Amino acid sequence: MTDSKRLRIAIQKSGRLSDDSIALLKAIGIKLQIRDRLLIAHSTNQPIDLLRVRDDDIPGLVMDGIVDLGFIGENELEEKMLERQAAGKANAFNVLRRLDYGGCRLSIAVPSEFNYRSPKDLNGLKVATTYPYLLERYFKQSDIDAKAVMLTGSVEVAPRAGVADAICDLVSTGATLEANGLKEEEVIFRSKAVLIQRADPLEDDKQALVNRLLPRIDGVMQAKESKYIMLHAPKAYLEQVKKLLPGAENPTVLPLASCENTVAIHVVSAENLFWETMEKLKALGCSSILVMPIEKMMG
Ligand SMILES: Nc1ncnc2c1ncn2[C@@H]1O[C@H](COP(=O)(O)OP(=O)(O)OP(=O)(O)O)[C@@H](O)[C@H]1O
Ligand SMILES: O=P(O)(O)OC[C@H]1O[C@H](OP(=O)(O)OP(=O)(O)O)[C@H](O)[C@@H]1O
Ligand SMILES: [Mg+2]
């Protein structure tokens with residue numbers, strides 16, 4: 001059972017967003033015991049319950065106010081929003097954060113032998129998809145007279161199975177399209193995972209908890225992009241060395257006990273240090289160059 005005083009968060013039970021969503025919750029200090037068959041997971045150190053559901057259900061659970069927060073792909077969120085709009089159902093929510101995982105695009109792809117030149121070539125054709133509302137919106141906006149055929153999965157086999165002439169599905173590396181003899185032609189929507197909150201106000205203590213968790217999410221995402229860089233540099237080339245360190249205007253410069261002409265530089269860099277830059281630093285006489293991951297950050 002869930003307790004209404006506890007913050008309810010919906011996450012995908014198993015799929016592309018599950019591991020990253022759980023990893024993010026753990027990284028922001030929420031202790032969880034996820035057991036495969038358990039569809040509700042209670043946090044052991046925060047008043048939080050996780051509802052583990054199919055991703056299709058997450059937008060509705062948030063928009064109906066059954067859960068407080070949800071982790072969901074923008075593609076699924078937008079599709080469900082359009083579907084609910086068409087059905088006259090409530091479709092309000094707030095996006096709290098755009099996250100750094102679940103990156104993919106919704107694209108139209110055609111069989112590799114199809115001589116595709118422009119979207120006009122889709123006129124009169126059937127396009128199989130799991131996202132009929134997003135696809136119909138694209139057809140409307142692009143003035144294309146084509147038919148969206150709804151399939152809940154294995155969309156890529158539709159042309160070969162004779163169900164449709166083309167498909168509209170999610171693409172990340174393009175490997176699935178290639179394996180099925182298809183080529184990507186039009187990107188109709190770009191998506192990432194987002195954290196959403198229900199539209200009606202939360203109880204004060206729940207909102208206070210959300211407000212504490214959001215800066216932690218920012219800190220985790222920022223930390224993933226940042227590196228802690230340490231190196232020894234010749235004093236004489238300090239300015240040149242600083243210029244080579246990305247996004248690091250004010251590095252910490254420390255004297256080295258045994259060496260008058262050399263200093264230690266410590267810096268948190270907003271970017272990774274490329275091998276090419278490390279080679280340039282070495283050429284300037286730098287040594288002991290270390291690039292380390294950062295686990296957490298706070299301003
Ligand atoms: N190849 C991919 N790379 C990155 N993100 C993806 C990829 N495919 C899908 N996603 C994102 O992850 C979400 C979930 O994808 P997944 O394939 O796990 O969903 P599903 O099969 O509908 O799962 P469910 O059983 O929960 O309904 C997608 O809606 C999209 O936002
Ligand atoms: O461009 P790619 O990197 O090949 O990724 C695209 C595939 O990933 C997703 O499916 P997933 O593998 O999650 O399986 P599913 O279709 O069973 O949900 C999506 O539906 C595509 O089929
Ligand atoms: Mg789904």
Side-chain angles (χ1 to χ4, degrees), residues 8-25 34-41 50-64 66-67 69-84 91 93 95-112 127-135 137-138 148-161 163-164 166-196 217 221 224:
R8 286 184 192 169
I9 306 179
I11 62 161
Q12 189 186 21
K13 180 175 180 287
S14 100
R16 292 272 184 170
L17 303 178
S18 311
D19 290 350
D20 287 324
S21 302
I22 289 170
L24 179 57
L25 289 170
I34 309 271
R35 268 184 261 128
D36 211 33
R37 260 171 289 175
L38 226 56
L39 301 183
I40 296 176
L50 278 196
L51 260 71
R52 302 169 62 224
V53 295
R54 285 199 62 185
D55 72 337
D56 312 50
D57 296 329
I58 294 174
L61 287 170
V62 174
M63 292 174 199
D64 288 333
I66 295 164
V67 298
L69 306 183
F71 288 92
I72 184 68
E74 288 169 313
N75 54 304
E76 193 64 50
L77 179 61
E78 188 84 358
E79 175 72 13
K80 285 292 181 296
M81 203 178 71
L82 295 172
E83 186 185 320
R84 290 173 67 102
N91 65 353
F93 59 91
V95 176
L96 298 180
R97 287 296 182 272
R98 195 169 199 237
L99 304 166
D100 55 4
Y101 59 88
C104 56
R105 51 198 189 270
L106 185 63
S107 293
I108 294 177
V110 299
S112 43
V127 183
T129 189
T130 313
Y131 301 92
Y133 284 91
L134 285 170
L135 182 57
R137 182 172 74 181
Y138 169 77
V149 179
M150 172 69 179
L151 287 182
T152 54
S154 304
V155 173
E156 287 92 350
V157 301
R160 266 186 300 156
V163 178
I167 69 151
C168 174
D169 199 14
L170 299 176
V171 184
S172 166
T173 61
T176 309
L177 290 184
E178 204 186 320
N180 287 283
L182 298 165
K183 51 181 182 171
E184 185 178 3
E185 296 291 359
E186 308 289 339
V187 176
I188 73 164
F189 193 82
R190 290 189 190 275
S191 181
K192 278 194 163 187
V194 282
L195 175 61
I196 57 172
I217 292 180
M221 289 201 290
K224 269 196 247 170

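Keep in mind that what you see is a predicted model, and the values were worked out from it rather than measured. In each ligand, atom 1 is the first atom listed, and ligand 1 is the first ligand listed.
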Going by an N to O cut-off under 4.0 Å, is there a salt bridge joining [X] and [Y]?
{"X": "Glu184", "Y": "Arg105", "result": "yes"}
{"X": "Lys192", "Y": "Asp100", "result": "no"}
{"X": "Glu178", "Y": "Lys183", "result": "no"}
{"X": "Asp57", "Y": "Arg52", "result": "no"}

Considering only protein heavy atoms, which is closest to [atom], and at what distance to one decimal place?
{"atom": "atom 4 (C) of ligand 1", "answer": "Gly103 O, 3.2 Å"}
{"atom": "atom 18 (O) of ligand 1", "answer": "Arg16 N, 2.8 Å"}
{"atom": "atom 22 (O) of ligand 1", "answer": "Asp55 OD1, 3.2 Å"}
{"atom": "atom 6 (C) of ligand 2", "answer": "Leu170 O, 3.4 Å"}
{"atom": "atom 9 (C) of ligand 1", "answer": "Leu170 CD1, 3.5 Å"}
{"atom": "atom 12 (O) of ligand 2", "answer": "Arg16 NH2, 2.8 Å"}
{"atom": "atom 3 (N) of ligand 1", "answer": "Ser172 CB, 3.3 Å"}

With a 4.5 Å limit on heavy-atom distance, are the side chains of [X] and [Y] in contact?
{"X": "Arg8", "Y": "Leu69", "value": "no"}
{"X": "Tyr131", "Y": "Leu170", "value": "yes"}
{"X": "Ser191", "Y": "Leu106", "value": "no"}
{"X": "Phe71", "Y": "Ile196", "value": "no"}
{"X": "Ile72", "Y": "Val194", "value": "yes"}
{"X": "Glu156", "Y": "Ile167", "value": "yes"}
{"X": "Leu134", "Y": "Leu82", "value": "yes"}
{"X": "Ile58", "Y": "Val67", "value": "no"}

Atoms in ligand 2 flagged as close to [X], the criterion being non-hydrogen separation under 4.0 Å:
{"X": "Thr176", "result": "2 (P), 4 (O), 5 (O), 6 (C), 7 (C), 22 (O)"}
{"X": "Val171", "result": "1 (O)"}
{"X": "Ala175", "result": "1 (O), 4 (O)"}
{"X": "Thr173", "result": "1 (O), 2 (P), 3 (O), 4 (O)"}

- Message: If we set the cut-off at 4.0 Å for heavy atoms, which region of Asp169 has an atom near ligand 2: side chain, backbone, both, or neither?
- Response: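 The side chain, only.
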Check each atom of ligand 1 against the heavy atoms of [X] and keep those under 4.0 Å away; list them by number with element.
{"X": "Leu17", "answer": "12 (O), 13 (C)"}
{"X": "Gly102", "answer": "5 (N)"}
{"X": "Gly15", "answer": "18 (O)"}
{"X": "Gln12", "answer": "14 (C), 16 (P), 18 (O), 19 (O), 20 (P), 23 (O), 24 (P), 26 (O)"}

- Within-2.8 Å protein N/O/S contacts of the Mg ion (ligand 3):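 Checking every protein N, O and S atom gives Asp55 OD1, Asp56 OD1.
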- Query: Considering only heavy atoms, which of Gly73, Cys104, Ala193 lies nearest to atom 11 (C) of ligand 1?
  - Reply: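 The nearest heavy atom belongs to Cys104.
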Any side-chain to backbone donor/acceptor pair from [X] onto [Y]? Under 3.5 Å, distance only.
{"X": "Glu185", "Y": "Ile108", "result": "no"}
{"X": "Ser107", "Y": "Ala109", "result": "no"}
{"X": "Gln12", "Y": "Asp55", "result": "no"}

Verify the contact flag for [atom], where contact means a protein heavy atom under 4.0 Å away.
{"atom": "atom 8 (O) of ligand 2", "answer": "yes"}
{"atom": "atom 14 (O) of ligand 2", "answer": "no"}
{"atom": "atom 25 (O) of ligand 1", "answer": "yes"}
{"atom": "atom 4 (O) of ligand 2", "answer": "yes"}

- Item | Full working for side chain to side chain contact (heavy atoms under 4.5 Å, CB included) between Leu182 and Val110 | CA-CA 5 Å; Leu182 298 165; Val110 299; 6.0 Å; no
- Task: Output yes when the distance from some N or O of ligand 2 to some N or O of Gly174 is under 3.5 Å, and no in every other case.
- Result: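 In this structure, Gly174 places an N or O atom under 3.5 Å from an N or O of ligand 2.
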- Query: Does an N or O anywhere in Arg54 fall below 3.5 Å from an N or O of ligand 1?
  - Reply: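 Yes.
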- Query: Does Asn75 reach ligand 1 with a nitrogen or oxygen that is under 3.5 Å from one of the ligand's nitrogen or oxygen atoms?
  - Reply: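 N/O-N/O distance under 3.5 Å: yes.
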- Query: Counting only heavy atoms not in Arg190, do more than 12 sit closer than 6.0 Å to its CZ atom?
  - Reply: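 For Arg190, atom CZ is not crowded (no more than 12 foreign heavy atoms under 6.0 Å).
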- Heavy atoms of other groups near Asp64 CG, more than 12 under 6.0 Å: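 Enclosed.
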- Query: Heavy atom of Glu156 under 4.0 Å from ligand 2?
  - Reply: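 Glu156 counts as a contact of ligand 2 under the 4.0 Å cut-off.
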